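In this text the structure is predicted, and so the values were computed from the model without any measurement. In what follows, residues are counted from 1 in the order of the sequence shown.
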Amino acid sequence: MDSSMNGGMFNQNVLDALIEPAFVINERNVILAVNNSWLAMPVHGGERLPVYPGVKLQALYLEHSSFLTGASRVLAGELPLYQEERKFEAKGVDVESQRRLHGFAK
C-alpha cells in the first residue's frame, strides 16, 4: 500500500484536493486541519492565513456572530448546512466571499 494512503496523510491529501479553502473542526469547535487553499487564501493587507490547528472557531470569527450562530446550529445537528455571503473591501478592492459549513454524521 502506498504510504500516502495511511491514516492522517490520506485525510490531508483528500482535504488538499478541495479547490475551495476548507478546514475540519471537531465537536468542540477546535480546528483539526486546514487545506492548502486555506493556507493560500489572501486576507487583509496581503497577508496569508497561518495554520490554525488547535484554535477554536470562535477565535477566528469573533466579529461574525451570524456565522458562529449558523456554525453552532450545524454542529448541534439542527442544520445540515449553513452558508452566508459577505462583501467587503480589501486594499481598495471590493471582495465577495462565501462561507459554507457542512455537518457530517459521526
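The cluster map of Ile, Leu, Val, Met, Phe, Trp and Tyr, joined by side-chain heavy atoms under 4.5 Å apart, puts V34 and V30 in different clusters.
The CZ atom of R73 sits 14.0 Å away from the CG atom of L68 when rounded to the nearest 0.5 Å. Here the CD-CG distance, from E20 to N35, works out to 9.5 Å after rounding to the nearest 0.5 Å. Taking CG of N36 as the reference point, atom CG of D16 lies at 3.5 Å (rounded to 0.5 Å).
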Show, in sequence, the C-alpha distance, side-chain angles and deciding distance for S66 and Y82, and conclude whether the side chain to side chain contact (heavy atoms under 4.5 Å, CB included) test is met. CA-CA 10 Å; S66 63; Y82 177 77; 3.9 Å; yes
For the pair V24 and L15, evaluate side chain to side chain contact (heavy atoms under 4.5 Å, CB included) and give the outcome as yes or no after the intermediate values. CA-CA 9 Å; V24 176; L15 191 59; 4.0 Å; yes
In sequence, state the C-alpha distance, the side-chain angles, and the governing distance for I25 and L32, and then conclude on side chain to side chain contact (heavy atoms under 4.5 Å, CB included). CA-CA 5 Å; I25 59 175; L32 302 176; 5.9 Å; no
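Looking at E78, its side chain never comes within 3.5 Å of a backbone N or O of G70 through a donor-acceptor pair.
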